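Model, not experiment: these values are computed from the prediction. Chain naming here is simple, since letters A, B, ... match the order of the sequence lines and numbering starts at 1 in each. The figures that follow rest on heavy atoms only: side chains count, while hydrogens, waters and symmetry mates do not.
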Amino acid sequence: MLKLNITTEDSSCKARTGFFETDHGIVETPIFMPVGTQGTVKAVNQSYLENEIKAQIVLSNTYHLYLRPGIEILESAGGLHKFMNWEKPILTDSGGYQIFSLTELRKLKEDGVEFKSHLDGSKHFFTPEKVIGIQRSIGSDIMMVLDECAPYPCDYDYANKSVDLTTRWALLNKKSFINSTPKYGHNQFLFGIMQGSIYKDLRKKSAEQLQEIGFDSYAIGGLAVGEPVDKMYELVNYTTDLMPRESPRYLMGVGRPENIIEAISLGVDMFDCVMPTRNARNAYLFTWDGTVLMRNARYKNDFKPLDENCNCYTCRNYSRAYLRHLFIAEEILALELASIHNLYFYLELVSKARENIISGNFLNWRNRIINQISIKN
RNA sequence: GUGGGUAUAGCUCAGUUGGUUAGAGCACCAGGUUGUGGCCCUGGGUGUCGUGGGUUCAAAUCCCACUACUCACC
């Protein structure tokens with residue numbers, strides 16, 4: 001088990017603060033993990049990631065790293081930490097989500113999933129065993145099981161079968177985990193992923209079956225795939241009660257800033273999402289005064305910083321007019337400065353959530369800040 | 001100077017024997033993006049059809065003049 005050392009619990013909601021330890025360092029929760037699919041957080045170098053953005057852990061992806069550069073290269077490099085020059089914790093997603101998002105390219109089978117590479121069309125077969133093996137070669141501090149993320153909408157019968165398949169795979173994941181060892185001298189944890197679509201009894205079944213198998217901790221998968229946001233909150237609230245109290249709860253793929261704050265109040269500790277980085281590359285920026293679409297012509301002559309209340313490298317040094325110019329001119333620096341800002345914002349968001357939980361002011365802060373950051377400028 | 005060609009959206013250009021409210025691509029403007037392809041998706045036409053006349057029920061389209069650009073030849 002990966003122990004979450006709980007330091008504060010909010011008295012009026014399920015929010016809590018804590019930390020857990022890996023061989024690459026401590027992670028303080030609640031935490032947001034920047035997404036670095038291909039062994040890089042797009043447009044942001046590792047120095048900025050660590051020193052400016054204060055990322056404590058990043059997410060990378062089994063599917064992408066397996067296809068390119070391939071596990072031989074990663075093993076020759078001595079693992080992903082050395083390969084990408086990142087000595088803090090890394091979590092790797094298993095490829096389960098790619099099975100879901102690349103549906104035209106895959107075929108689900110009892111033993112695993114056959115898929116075609118989005119790079120060259122070559123055929124590959126992922127099994128729970130193989131995915132554990134690849135993650136051993138990557139050397140991530142936290143590995144994720146191979147699961148099936150059901151689509152939305154999803155009828156009960158399909159969702160039920162999907163949970164059963166995910167459980168059968170989970171058992172094989174666990175067996176492979178037990179029968180293999182880390183390659184680089186540091187410990188690796190394995191998280192189970194709970195499914196069940198929008199059906200509470202299936203969520204319950206998934207939670208129970210996975211905990212019977214036993215994992216270091218657990219993630220909530222299969223949400224934020226198109227269901228109404230209130231439905232998502234309802235299910236998160238329901239599911240966190242089914243999860244162990246003293247290990248970090250991870251809500252996969254979520255989300256918008258307001259989704260994260262809300263989910264923290266429902267007892268979630270870990271998040272990842274492509275939104276701060278992907279949206280940054282499309283000039284969609286998050287600020288403490290709401291979202292800013294940096295391409296808009298209204299910023300042509302705006303020489304104020306992007307966010308006067310932000311202390312990131314971008315906001316300290318550049319104007320909105322300059323950022324807009326960089327985007328319109330399609331300059332690479334636009335992607336870098338925007339990504340740095342959005343990630344800084346997300347990390348500061350969870351950091352402030354943590355401070356406010358500790359000071360006992362979390363719900364007040366949450367209600368105020370959600371209104372503030374949801375404004376569309 | 002003479003003869004030919006061209007002129008339609010910011011750019012490059014379609015536009016039938018004259019026939020509804022003049023189109024495309026790119027650009028531009030406005031949105032979207034939830035376990036990542038910088039991709040992609042959605043919506044928007046922003047126009048004195050070079051200018052002025054004429055023919056016609058009806059002209060970007062036919063006729064005349066002018067203007068600009070361009071090619072060839074003196």
Side-chain angles (χ1 to χ4, degrees), chain A residues 32-44 57-65 67-68 90-102 105 117-120 131 135 140 142-152 166 191-195 218-229 231-233 236 250-263 268 270-286 291-300 324 326-339 342-343 346 376-377:
Chain A
F32 177 79
M33 303 181 280
V35 176
T37 300
Q38 310 208 59
T40 164
V41 174
K42 291 184 193 296
V44 180
I57 173 172
V58 299
L59 178 147
S60 196
N61 195 289
T62 301
Y63 168 82
H64 292 269
L65 292 175
L67 289 179
R68 188 170 57 192
I90 296 173
L91 178 150
T92 42
D93 188 21
S94 62
Y97 189 75
Q98 279 61 46
I99 297 171
F100 157 75
S101 63
L102 304 173
L105 298 173
S117 162
H118 68 286
L119 298 172
D120 61 7
V131 161
Q135 292 182 96
S140 47
I142 298 174
M143 310 191 285
M144 302 303 297
V145 297
L146 184 68
D147 65 329
E148 188 202 358
C149 176
Y152 181 87
T166 292
F191 281 24
I193 304 176
M194 302 182 301
Q195 292 292 340
Y218 302 87
I220 305 171
L223 291 180
V225 290
E227 77 283 3
V229 70
K231 200 79 187 165
M232 176 173 84
Y233 293 150
V236 168
Y250 169 23
L251 177 56
M252 303 186 79
V254 172
R256 298 190 60 85
E258 56 268 31
N259 300 152
I260 289 175
I261 295 177
E262 190 68 37
V268 176
M270 299 169 68
F271 302 89
D272 79 278
C273 189
V274 301
M275 192 166 284
T277 38
R278 178 192 284 163
N279 283 14
R281 295 192 300 276
N282 288 297
Y284 186 116
L285 304 181
F286 298 95
T291 57
V292 169
L293 301 182
M294 203 69 256
R295 300 186 79 105
N296 286 10
R298 57 190 293 201
Y299 302 119
K300 207 178 288 189
R324 176 176 193 273
L326 293 179
F327 271 111
I328 297 295
E330 295 185 75
E331 280 292 339
I332 296 168
L333 188 58
L335 309 180
E336 182 180 0
L337 295 178
S339 298
N342 273 358
L343 285 177
Y346 265 64
K376 297 231 168 179
N377 283 301

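- For B:U46 and B:A24, the P atoms lie 12 Å apart once the distance is rounded to whole Å.
- For A:Tyr97, the ring pair (Phe, Tyr, Trp, His ring centres under 6.0 Å) partners two or more places apart in sequence, or in a different chain, are A:Phe100.
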Every protein N/O within reach of nucleotides 37-40 of chain B N/O, cut-off under 3.5 Å:
{"unit_1": "B:G37", "atom_1": "OP2", "unit_2": "A:His64", "atom_2": "NE2", "d": "3.0"}
{"unit_1": "B:G37", "atom_1": "O6", "unit_2": "A:His118", "atom_2": "O", "d": "2.8"}
{"unit_1": "B:G38", "atom_1": "OP1", "unit_2": "A:Arg281", "atom_2": "NH2", "d": "3.4"}
{"unit_1": "B:G38", "atom_1": "OP2", "unit_2": "A:Arg281", "atom_2": "NH2", "d": "2.7"}
{"unit_1": "B:G38", "atom_1": "O4'", "unit_2": "A:Arg281", "atom_2": "NE", "d": "3.4"}

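- As judged by a 4.0 angstrom heavy-atom cut-off over every strand, A:Gln195 is placed among the base-contacting residues.
- For B:G35, its base sits under 3.5 Å from the side chain of A:Asp147 at one donor and acceptor pair at least.
- Remark: the separation of the P atoms in B:U21 and B:A59 is 11 Å, to the nearest Å.
- Applying the side chain to side chain donor-acceptor pair (under 3.5 Å) test to residues at least two apart or on different chains, none of the pairs has a partner in residues 32-42 of chain A.
- Atom pair A:Asn342:CG and B:U36:C1' shows a separation of 14 Å (rounding to whole Å applied).
- Scored by the side-chain hydrogen bond (donor to acceptor under 3.5 Å, both in side chains) test, A:Thr166 finds no partners at all (sequence neighbours excluded).
- Applying the side chain to side chain contact (heavy atoms under 4.5 Å, CB included) criterion to A:Asn296, with sequence neighbours excluded, gives A:Leu293, A:Arg298, A:Tyr299.
- The shortest non-hydrogen separation linking A:Val35 to A:Cys273 is CG2-O, 3.5 Å.
- For the OP1/OP2 pair of B:C29 and a distance below 4.0 Å, the side-chain nitrogens and oxygens of A:Asn296 include no atom meeting the criterion.
- Taking atom C1' in both B:C69 and B:A30, the straight-line distance is 37 Å, to the nearest Å.
- Note: OH (A:Tyr346) to C1' (B:U33) measures 11 Å, nearest angstrom.
- Only the P atoms considered, B:G44 is 25 Å distant from B:A60, to the nearest whole Å.
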*Please, what dot-bracket string fits RNA chain B when only Watson-Crick and G-U pairs with both distances under 3.5 Å count, crossing ones use [ ] and pairs to another strand use |?*
(((((((..((((.....[...)))).(((((.......))))).....(((((..]....)))))))))))).

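- Put simply, CZ on A:Arg295 is 11 Å from C1' on B:C29, counting in whole angstrom units.
- If you check every strand for non-hydrogen atoms under 4.0 Å, A:Ile193 touches a base.
- Under the side-chain hydrogen bond (donor to acceptor under 3.5 Å, both in side chains) criterion, A:Glu148 pairs with A:Tyr158, A:Ser162, not counting sequence neighbours.
- Distance from the side chain of A:Leu293 is smallest to B:G31 among B:C29, B:G31, B:U34.
- Residue contacts for A:Gly222: at a heavy-atom cut-off of 4.0 Å it reaches a base atom on one of the strands shown.
- When the nucleotides B:C29, B:U34, B:U36 are ranked by their closest atom to the side chain of A:Arg324, B:C29 comes out on top.
- Residue-level contact check: A:Asn259 touches the bases, meaning some heavy atom is under 4.0 Å from a base atom.
- The P atoms of B:A65 and B:C57 are separated by 24 Å, rounded to the nearest whole Å.
- Every residue meeting the ring pair (Phe, Tyr, Trp, His ring centres under 6.0 Å) condition with A:Tyr284, not counting sequence neighbours, appears here in chain and number order: A:Phe286.
- The ring pair (Phe, Tyr, Trp, His ring centres under 6.0 Å) check on A:Phe271 picks up nothing, with sequence neighbours excluded.
- With A:Ser140 as reference, A:Thr92 is the one residue of A:Asn61, A:Thr62, A:Thr92 to meet the side chain to side chain donor-acceptor pair (under 3.5 Å) rule.
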